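Written out below as structure tokens is the structure these notes cover.
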Number of protein chains: 2
Amino acid sequence: MKELTDKQTKVLQFINKFHADNAMMPTVREIAANFKLSIGSVQQHLKALQSKGFLIKRGSLSRGIDFPNRQNFSAVAILGSVHAGTFLEQVEDANDYVYINTDITRNRKCFALKVKGDSMEPSGIVEGDTIVVSQGEKVYNGDIVVALVDGESAVKIFYKEHDKIFLKSSNPHYPTITSDNIEIVGKLIYLVREYKG
Amino acid sequence: MKELTDKQTKVLQFINKFHADNAMMPTVREIAANFKLSIGSVQQHLKALQSKGFLIKRGSLSRGIDFPNRQNFSAVAILGSVHAGTFLEQVEDANDYVYINTDITRNRKCFALKVKGDSMEPSGIVEGDTIVVSQGEKVYNGDIVVALVDGESAVKIFYKEHDKIFLKSSNPHYPTITSDNIEIVGKLIYLVREYKG
DNA sequence: GATTATACTATACATTTGTATTTAAGTCAA
DNA sequence: TTGACTTAAATACAAATGTATAGTATAATC
């Protein structure tokens, strides 16, 4: 990627913010108005941003500029809560969602859970966090997973040795779980935390 | 919410998909072309969708229809990184953003930082996390803040006793900071973490 | 029968928007 | 100096787009 001048950067930032705020791209004249510039001046900035690969054009449509790697969001449903220490509770109304970038979900099957308990605190996962889990994914030693143990679920660190699965808590006060009946539901790919008040 | 006719439902679905695919609302004529309808016909459908509350209009802008409850995201710029243990580094290109729901930012002035170090690990803030900070906010004892101490910044837990400010690390290996020259930059309102690989 | 809502066409017009052209000034490097 | 690049303004024109109006037809309801 070539480098941008100060002005080009500012124009790109404005476009970014405008799009985030209004769910549409600005017109040439809307950009001009924001910076108190002439139309022609903005045209040149847009041209530069295009030739440097920071914007692309869709024909001569109105509001027809686009980002080469536009931010797409998918709504991931929060299905329930999971005791990082012990096990899962179903939540009745699945009307709550986390919105995350499709760059992260990448067409994978995902769902989200609210964390309860403190068994994963040393790994930075605390009560109230919302974790996004990708299903049907290959897991490796050290990955953080949501697993079903004898029908109940938990967030743990995955380890496999000699075909035997061990589920470790990062908090040493909790025992390592092992069982013949462990099913890996999915792997942690994202976490969000909201600080309220 | 009043009910929609079959045709109105189809038009609304098309608008929805068009918006998801192209990050912009369709024009009257684009809708007409899709359904092989006349312009006036589409106008009526849009009018009906508006009067029933499924769409709203923004003036007479091109592509100026909108969903009443669209998820709004604001792009929060990642301005640099901050050592949760020690101090801040500026990042030159502010082309990186976190996208968070405006329900959370609520018109507050925000910026984001990448966390380095482990001084806040017991609070669930670990290396690589992206934290969103709200500026110029009232802070209370126990809040997690970004503060400037003698010109350098850090993420700490805020305490004030007898007009003296203390900045505590949750990791006991780090000392509590106190100084006559402490400025509170902002308060933590959000955190995101991506698990890669 | 009269009224209302829906569905559709066709056309005209005003505004918005993208694009092109010309001119000019400043910076920086060869 | 020359040339390339950036920044900027002013204006004109074509295309895209929103809006308004008039007319037809069907079905449901009172």
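Just so you know, these numbers come straight off a predicted model, no measurement behind them. Proteins get letters first, then strands, A, B, ... in listed order; numbering begins at 1 in each.
Electrostatic pairing of Lys114(A) and Glu127(A) does not count as a salt bridge here, judged by no charged N lying under 4.0 Å from a carboxylate O. Classification of Lys10(B) and Asp6(B) as a salt-bridged pair fails, no side-chain N sitting under 4.0 Å from a carboxylate O.
The residue among Val28(B) and Gly40(A) whose nearest nucleotide of DNA chain D is located toward the 5' end is Gly40(A). Between Ala48(B) and Leu61(B), the one whose closest nucleotide on DNA chain C sits nearer the 5' end is Ala48(B).
A distance-only check finds no donor-acceptor pair linking the side chain of Ser41(A) to the backbone of Leu37(A) [under 3.5 Å].
Among the protein residues, Lys47(B) comes within range of no part of the nucleic acid, since none of its heavy atoms lies under 4.0 Å from any strand.
When the nucleotides dT19(D), dG18(C), dT6(D) are ranked by their closest atom to the side chain of Thr5(A), dT6(D) comes out on top. Checking dT17(D), dA20(C), dT17(C) against every side-chain atom of Gln43(A), the shortest atom distance belongs to dA20(C). Of the candidate nucleotides dT16(C), dT17(C), dC8(C), dT17(C) has the atom nearest to the side chain of Thr27(A).
Taking side-chain N and O atoms only, Lys57(A) has a distance below 4.0 Å to OP1 or OP2 of dT19(C). Checking the phosphate oxygens (OP1, OP2) of dG18(D), no side-chain nitrogen or oxygen of Ser62(B) falls inside 4.0 Å. For dA7(C), one of the phosphate oxygens OP1 or OP2 lies less than 4.0 angstrom from a side-chain nitrogen or oxygen of His45(B). A sub-4.0 Å separation between OP1 or OP2 of dT6(D) and a side-chain N or O of Lys52(A) is present. Neither OP1 nor OP2 of dC8(C) sits under 4.0 Å from any side-chain N or O of Ser38(B). Between Arg29(B) and the phosphate of dA16(D), there is no side-chain N or O to OP1/OP2 separation shorter than 4.0 Å.
Between the CZ atom of Arg58(B) and the P atom of dT19(D) there is a distance of 13 Å, given to the nearest Å. dT9(C) atom P lies 14 Å from atom CD1 of Ile31(B), rounded to whole Å. Remark: P of dA16(D) and CE of Met24(A) are 19 Å apart, rounded to the nearest angstrom. In this entry the distance linking CG of Asp66(B) with P of dG18(D) reads 14 Å, nearest Å. Straight-line distance from the CE atom of Met25(B) to the C1' atom of dT17(D): 16 Å, rounded to whole Å. Going from atom CD1 of Ile39(B) over to atom C1' of dA10(C) covers 9 Å, rounded to whole Å. Note: CG (Leu46(B)) to P (dA20(D)) measures 13 Å, nearest angstrom. dG18(C) atom C1' lies 12 Å from atom CZ of Arg63(A), rounded to whole Å.
No side-chain heavy atom of Lys187(A) sits under 4.5 Å from any side-chain heavy atom of Ile144(A). The side-chain heavy atoms of Ile31(A) and Leu46(A), taken from C-beta on, include a pair separated by under 4.5 Å.
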Atom pairs under 3.5 Å: protein N/O with N/O of nucleotides 23-30 of chain C:
none

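Aromatic ring centroids of Tyr195(B) and Tyr190(A) lie 6.0 Å or more apart.
The closest side-chain donor-acceptor pair between Ser134(B) and Lys109(B), if any, does not fall under 3.5 angstrom.
Screening Thr130(A), Ile125(A), Asp129(A) for a side chain to side chain contact (heavy atoms under 4.5 Å, CB included) with Arg193(A), the sole residue that qualifies is Asp129(A).
When hydrophobic clusters are built by joining Ile, Leu, Val, Met, Phe, Trp and Tyr residues whose side-chain heavy atoms come closer than 4.5 Å, directly or via intermediates, Val126(B) is not grouped with Ile131(A). Under the 4.5 Å side-chain contact rule for hydrophobic residues, Phe18(B) and Phe35(B) share a cluster.
For DNA chain D, none of the residues of residues 6-19 of chain B falls under the heavy-atom distance limit of 4.0 Å.
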